[in-house]
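This report refers to the structure that appears directly beneath it.
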Amino acid sequence: MPETPENRDREIAAPVIDWYRSAARDLPWRRPEFHERFGAWGVLVSEFMLQQTPVARVIPRLDAWLERWPSPADMATASPAEVVQQWANLGYPRRALWLHRAATEVVREHDGTVPRDVPALLALTGIGDYTARAVAVFSYGDRHPVVDTNTRRVLARAVDGSAHPGPPSRRDLALMEAQMPVDDSAAAVFNAAVMELGATVCTARAPFCEECPIADRCAWLAAGSPATVDTRRKQAAYEGSDRQARGAVLRVLREIAPAGIALEDLLPDWPDPLQRDRAIDSLVADGLAEAGNGEIALPR
DNA sequence: GAGCCGTGGTG
DNA sequence: TCACCAAGGCT
């Protein structure tokens, strides 16, 4: 955003960055030694795990993962079964498979080095707009807008004056880009700072506006924090869902019978047998399990 | 592009 | 208590 007398008082970069320097949480992937030891691979793994899984649950699993597979080449030697087991209860286990696939793609197509270009990152399995730019920015220090649920919410409030962001769109990238400092390094800090603000202050439910470094220029606060239209899709009910059945099946395979179990012994008391069978079929279709000869097991 | 995909903490 | 929420991506 060009600095003019008109908009200078609405800029958010400087105060958000200043706030971040004193308020940032000490997270593993923000430590210099993390980058020295694991490089872009460490950032890539952390971003996969952070896709829809809270920070507190990621930290211990990330540590264990990188101890076991400190590079893409190490990861590529693992079997899908090992990967799914190591993923444990982080949720959305397809991400474990995708991370494994991405590692093999890095080895095969990029000589074992996580690529730096956003298009190359986007071409890897399981990497979308958010993760690609997060790696390019937080590992390589390049200048890109990193848009996630936090930055979308912060800008919806501060700039648009809405309590909730609208449906995801390419405009989100442009809006973030427009707020970013020109300098690469400052832009990287800004990206992290806006995410941090959304995660700890400008929260979805009950934001702590009294602690916000840009409360004096927030369009939503200035308008009296109105309840605005909420276009976010609600999550489908989990209790009784196919997802719950899939989770239950995979938990048995992970924790009790990774080498395999007779289908007739798998969750025999599940309330809906048809749903159980549906879960098995879809897990096999996703490559999260293998079935044959009346048995089911983690994929080899 | 709407629907789907886990798991657990929380107000 | 229970609906909401969490550093998304794929089909």
Side-chain angles (χ1 to χ4, degrees), chain A residues 20 24-25 27-30 42-62 84 87-99 101-102 121-139 144-154 163-170 172-173 176 188 191-200 202-208 230-255 275 278-279 281-283 285-289:
Chain A
Y20 181 74
R25 292 168 293 174
L27 301 175
W29 46 90
R30 292 178 177 165
V43 174
L44 182 61
V45 174
S46 74
E47 296 299 349
F48 261 87
M49 291 185 170
L50 287 164
Q51 291 169 4
Q52 298 287 281
T53 300
V55 165
R57 286 176 47 209
V58 164
I59 290 175
R61 303 309 310 168
L62 174 65
V84 170
W87 193 258
N89 62 343
L90 284 175
Y92 290 143
R94 290 189 295 191
R95 288 182 294 159
L97 249 31
W98 292 341
L99 176 54
R101 203 171 304 162
L121 286 161
L122 284 171
L124 299 174
T125 300
I127 294 191
D129 284 329
Y130 165 75
T131 305
R133 289 173 178 79
V135 170
V137 170
F138 300 137
S139 182
H144 304 282
V146 179
V147 170
D148 76 336
T149 187
N150 291 302
T151 70
R152 281 169 27 77
R153 183 173 57 250
V154 169
H164 308 287
S169 76
R170 306 310 290 186
D172 300 333
L173 284 172
M176 189 71 179
N191 277 303
V194 178
M195 289 173 64
E196 185 76 350
L197 187 65
T200 64
C202 193
T203 51
R205 224 164 327 182
F208 304 91
D230 186 356
T231 62
R232 294 173 299 173
R233 291 195 314 274
K234 280 177 46 173
Q235 282 185 11
Y238 186 65
E239 190 64 30
S241 69
D242 283 12
R243 296 162 73 187
Q244 184 183 37
R246 283 170 55 106
V249 169
L250 205 54
R251 179 181 291 274
V252 170
L253 296 182
R254 275 199 322 262
E255 300 178 1
Q275 181 184 57
R278 203 157 60 234
D281 289 345
S282 70
L283 287 169
D286 285 349
L288 284 164

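Labels below follow one simple rule: chain letters A, B, ... track the order of the sequence lines, proteins then strands, and each chain is numbered from 1. Note: hydrogens, waters and symmetry copies are ignored here, and every other heavy atom, side chains too, is used. Small disclaimer: the values here were computed from a predicted structure and weren't measured.
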ask   = Which part of the nucleic acid, if any, lies within reach of A:R153 when heavy atoms closer than 4.0 Å are counted: base, sugar-phosphate only, or nothing?
value = sugar-phosphate
ask   = Between A:R246 and A:S282, is any side-chain donor less than 3.5 angstrom from a side-chain acceptor?
value = yes
message = Distance alone, cut at 3.5 Å: any donor-acceptor contact between the side chains of A:H164 and A:R232?
response = yes
request  = Please tell me which of the listed nucleotides, C:dC5, B:dG6, C:dG9, lies nearest to the side chain of A:Q51?
outcome  = C:dG9
ask   = Between B:dG3 and C:dA7, how far is it from one P atom to the other, in whole Å?
value = 23 Å
inquiry  = Counting distance alone, no hydrogens or angles: does the base of C:dG9 have a donor or acceptor under 3.5 Å from a partner atom on the side chain of A:T131?
reply    = no
Sugar-phosphate, base or nothing in reach of A:A134, heavy atoms under 4.0 Å = nothing
ask   = Is A:W87 reaching over with its side chain to a backbone N or O of A:G91, donor-acceptor style, under 3.5 angstrom?
value = yes
message = Please confirm whether the shortest side-chain N or O distance from A:R95 to OP1 or OP2 of C:dC10 is below 4.0 Å.
response = no
inquiry  = Starting the side chain at C-beta, find the nucleotide from C:dG8, C:dA7, B:dC5 nearest to A:R94.
reply    = B:dC5
request  = Give one of base, sugar-phosphate or nothing for A:D286, where a contact means two heavy atoms less than 4.0 Å apart.
outcome  = nothing
request  = Could you please name the option among C:dC10, C:dC5, C:dA7 that lies closest to any side-chain atom of A:Q235?
outcome  = C:dC5
message = Within the 4.0 Å heavy-atom criterion, would you say A:L122 contacts the bases, only the backbone, or no part of the nucleic acid?
response = nothing
inquiry  = Strictly below 4.0 Å: does A:Y238 bring a side-chain N or O up to OP1 or OP2 of B:dT7?
reply    = yes
ask   = Is there a donor N/O on one and an acceptor N/O on the other, under 3.5 Å, for the side chain of A:R243 and the base of B:dG6?
value = yes
inquiry  = Using side-chain heavy atoms (C-beta onward) and a distance below 4.5 Å, is A:E47 in contact with A:F138?
reply    = yes
inquiry  = With a 4.0 Å limit, can you tell me whether A:R251 has a side-chain N or O closer than that to the phosphate oxygens OP1/OP2 of B:dG8?
reply    = yes
query = Under 3.5 Å, is there a donor-acceptor pair between the side chain of A:R95 and the main chain of A:F48?
reply = yes
message = At 4.0 Å (heavy atoms only), tell me whether A:I127 reaches a base, stays on the sugar-phosphate, or touches nothing.
response = sugar-phosphate
request  = Please report the C-alpha distance between A:D129 and A:R133 in whole Å, then the side-chain angles of each, then the deciding distance to 0.1 Å, and finally whether the salt bridge (Lys or Arg N to Asp or Glu O under 4.0 Å) criterion is met.
outcome  = CA-CA 6 Å; A:D129 284 329; A:R133 289 173 178 79; 3.3 Å; yes
note = Rounded to whole Å, the CZ-P distance (A:R152 to C:dC5) equals 13 Å
ask   = With no hydrogens and no angle check, is any side-chain donor or acceptor of A:N191 less than 3.5 Å from a backbone partner on A:H144?
value = yes
ask   = For A:R25, which contact category applies under a 4.0 Å heavy-atom criterion: base, sugar-phosphate, or nothing?
value = base
task = Under 4.0 Å between any heavy atoms, over every strand shown, what does A:W29 touch: base, sugar-phosphate, or nothing? Just pick one.
result = base
query = Below 4.0 angstrom from OP1 or OP2 of B:dT7, is there any side-chain N or O of A:R254?
reply = yes
query = What does A:G91 touch in the nucleic acid at a heavy-atom separation under 4.0 angstrom: a base, only the sugar-phosphate, or nothing?
reply = base
message = Counting only side-chain nitrogens and oxygens, does A:N89 get under 4.0 Å of the OP1 or OP2 atom of B:dG8?
response = yes
ask   = A:R233 side chain: which of C:dA7, C:dG8, B:dC4 is closest?
value = B:dC4
request  = Ignoring backbone atoms, test whether A:R246 places a side-chain nitrogen or oxygen under 4.0 Å from the OP1 or OP2 oxygen of B:dG6.
outcome  = yes
key: Nearest listed nucleotide, side chain of A:W98, among B:dG8, B:dT10, C:dG9   = C:dG9
message = Regarding A:T149, tell me which of base, sugar-phosphate or nothing describes its non-hydrogen contacts under 4.0 Å with the strands shown.
response = sugar-phosphate
message = Considering every strand and a 4.0 Å limit on heavy-atom distances, what is the contact class for A:P93: base, sugar-phosphate, or nothing?
response = sugar-phosphate
remark   = Looking only at C:dC5, C:dA7, B:dC5, the nucleotide nearest the A:R232 side chain is C:dC5
message = What is the distance, to the nearest angstrom, from the CG atom on A:L124 to the P atom on C:dG9?
response = 12 Å
ask   = Using the P atom in both, what is the distance from B:dG8 to C:dG9, to the nearest Å?
value = 23 Å
inquiry  = With a 4.0 Å cutoff (strictly under), does any side-chain N or O of A:N150 reach OP1 or OP2 of C:dA7?
reply    = yes
ask   = Within less than 4.0 Å of OP1 or OP2 of C:dA6, is there a side-chain N or O belonging to A:Q52?
value = no
